[in-house]
> 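Here you go, one structure.
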Number of protein chains: 2
Amino acid sequence: MLFWAMDIADLIARDRPRFRTATAFVEAVLREAILTGALPGGTPLRQEELAAGFAVSRMPVREALRQLEAQALVDFTPHKGAVVTDISAGEAADNYAIRAALEPAALRLSVPRLTNADLDQAEALIGEMDAEDDLARLGELNRRFHLTLYARAGRPRLIALVEQHLAAADRYLRFHFAALGRDHMAQSEHAALLAAARAGDAEGAARIAQAHVETAARNIEAFFARR
Amino acid sequence: MLFWAMDIADLIARDRPRFRTATAFVEAVLREAILTGALPGGTPLRQEELAAGFAVSRMPVREALRQLEAQALVDFTPHKGAVVTDISAGEAADNYAIRAALEPAALRLSVPRLTNADLDQAEALIGEMDAEDDLARLGELNRRFHLTLYARAGRPRLIALVEQHLAAADRYLRFHFAALGRDHMAQSEHAALLAAARAGDAEGAARIAQAHVETAARNIEAFFARR
DNA sequence: TCTATCAAGATTGGATCCAATCGACAATCA
DNA sequence: TGATTGTCGATTGGATCCAATCTTGATAGA
């Protein structure tokens, strides 16, 4: 049977129609499962097992796995199969190095063009984060807050890259929160980031964002060192 | 028939054994063809045609196309097929924005740990570029020069991202060189970059690299504006 | 006891076949 | 005449089957 075998029937009934092809559906569900931690790093992904779980043949599964491989979410070895990429200290360091470079760049482009509606939405998201306790929701809100501030960068590929790495970082944050509880420091940094954005200070916002990511990187690094 | 139908037989005989699977082979050849411009942007990629050209079934072709899609080298539309991503001004701007952010970051990590052998190799590559006239070779040398300086960053995913976008940039550079001829300015910037690296000045190298990428971005932008 | 070899089962890679979808063009109706 | 519908060819999506490869465990030999 499958890990979330009980929910999969509902999932198919609910979400499958939203996708044009079975490949797209399988890919979306697997990515979600990996990013939320439902499929932990190191889990082997047997094609036949997944195909049975999704009630499709092995082929859409194979194509979905290929795409996940290109997103560095699974490791593919010829004739051995796919394994969920495990979250090592090295992987985390890479992720944060990339984000520390990309997110300030996105802000420099986006901040001067943000509308009041964008800024209000970002502020609302900070409020929601204060009230939210569920980790999965918190990660989602955090991502949406940051992406709202990057929305006007006008560089779709750049933003897609940021989004991808932001989502991957949720896997580390899960550890982080589990170890540290709620991160009040991050919330005050979010407020500072929003204030800079509202003031139209792109350079200041970029600096805060870089420091924000680097702080998170140090936290995770310390966590891995203790473990 | 296939675009490079005459060479494909030799290619199979020579390079196919170097790959464990047909999928990997097809993917490598297609990527090379796209990046070198042999397959220009907008070219539709029919699965059956490619399969016949590579003397395989449609399945490895499909898997290869999925991976190329995740690398933004082809656009995939359900039930319509794959098309080589065309090089627009927007795509180029994205590429350069990403590189302008990532390459300085790579240098800050790598420069302090470069060995004399690394630096000598980079210098040798500059010499080779002076002597080389073939555009394809020039792009390859340019890429190797930059990657040599990033080699000690110790962030494999970051470097892989840089490598991928550096390779994609060759498609724009092809236009650039075609329009402008050899770029002497870039060569002197390479020399300045190497000098900073030799002096152990990571920050200075990062600044030069960022300016280097931004200059290239402006050149390409101007080219697209004229066209 | 340790190592090497080999055979069987499991699992993936690749080929072929069928179904679903799209595009274009012709036919029909307002 | 113009819009709509329907049909056919082309092309992709998905299922099933076979081949190639890996893993595991048993067996033989030193």
Side-chain angles (χ1 to χ4, degrees), chain A residues 1-3 8-9 11-13 15-31 34 39 42-71 73-85, chain B residues 1-3 8-9 11-13 15-31 34 39 42-71 73-85:
Chain A
M1 265 300 174
L2 218 53
F3 35 108
I8 191 74
L11 204 67
I12 292 176
D15 291 346
R16 175 57 240 267
R18 300 198 304 110
F19 295 88
R20 305 277 302 277
T21 66
T23 298
F25 174 63
V26 172
E27 194 237 348
V29 174
L30 282 182
R31 176 163 55 214
I34 293 172
L39 286 173
T43 307
L45 300 173
R46 307 256 159 267
Q47 299 177 3
E48 194 115 22
E49 187 177 0
L50 292 173
F54 285 110
V56 296
S57 85
R58 267 177 46 216
M59 170 145 339
V61 173
R62 276 162 68 172
E63 285 188 291
L65 289 176
R66 286 289 181 193
Q67 289 184 280
L68 293 173
E69 181 200 18
Q71 296 166 33
L73 292 180
V74 308
D75 291 329
F76 223 98
T77 312
H79 296 107
K80 286 192 56 178
V83 176
V84 178
T85 306
Chain B
M1 263 301 171
L2 220 52
F3 34 109
I8 192 72
L11 205 66
I12 292 175
D15 291 345
R16 176 56 238 269
R18 300 199 303 110
F19 295 88
R20 304 277 303 276
T21 65
T23 298
F25 174 63
V26 172
E27 193 236 348
V29 174
L30 282 182
R31 176 164 55 214
I34 292 172
L39 286 173
T43 308
L45 299 173
R46 307 258 156 263
Q47 298 177 2
E48 194 118 21
E49 187 178 359
L50 292 172
F54 285 110
V56 297
S57 86
R58 265 177 49 213
M59 171 145 340
V61 173
R62 275 161 68 174
E63 286 188 292
L65 289 176
R66 286 288 180 194
Q67 290 184 281
L68 294 173
E69 181 200 19
Q71 297 166 33
L73 292 180
V74 308
D75 290 330
F76 222 97
T77 312
H79 296 107
K80 286 193 56 180
V83 177
V84 178
T85 305

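Being a predicted model, the structure only gives us computed values, none of them experimental. In what follows, chains are A, B, ... by sequence order, proteins preceding strands, each numbered from 1.
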> Going by the side-chain contact (heavy atoms from CB on, under 4.5 Å) test, name the single residue among Arg20(A), Arg16(A), Arg18(A) that passes it with Phe25(A).
Arg16(A)
> Taking atom types as modelled and ignoring hydrogens, do the side chains of Glu27(B) and Gln71(B) form a donor-acceptor contact shorter than 3.5 angstrom?
yes
> Give a yes-or-no answer on whether the side chains of Gln67(B) and Gln67(A) include a donor-acceptor pair shorter than 3.5 Å.
no
> Where do Glu63(B) and Thr23(B) come nearest, in terms of heavy atoms and distance?
OE1-OG1, 3.3 Å
> Just distance, no hydrogens or angles: give the donor-acceptor pairs under 3.5 Å from side chains in residues 77-85 of chain A, sequence neighbours left out.
residue	atom	partner	partner atom	Å
Thr85(A)	OG1	Ala72(A)	O	3.1
Thr85(A)	OG1	Leu73(A)	O	3.1
Thr85(A)	OG1	Val74(A)	N	3.3

> Would you verify whether the NZ or CZ of Arg66(B) falls within 45 degrees of the ring axis of Phe76(B) while also being under 6.0 Å from that six-membered ring's centre?
yes
> For nucleotides 5-10 of chain C, print each protein N/O atom paired with a nucleotide N/O atom at under 3.5 Å, atom names and distance only.
none

> So if I define the base as every atom that isn't primed, P, OP1 or OP2, how would nucleotides 13-23 of chain D read as a B/S/- string at a heavy-atom cutoff under 4.0 Å?
BBBB----SSS
> Applying side-chain contact (heavy atoms from CB on, under 4.5 Å) to Leu65(A) and Leu30(A), what does each step give before you reach the verdict?
CA-CA 9 Å; Leu65(A) 289 176; Leu30(A) 282 182; 4.1 Å; yes
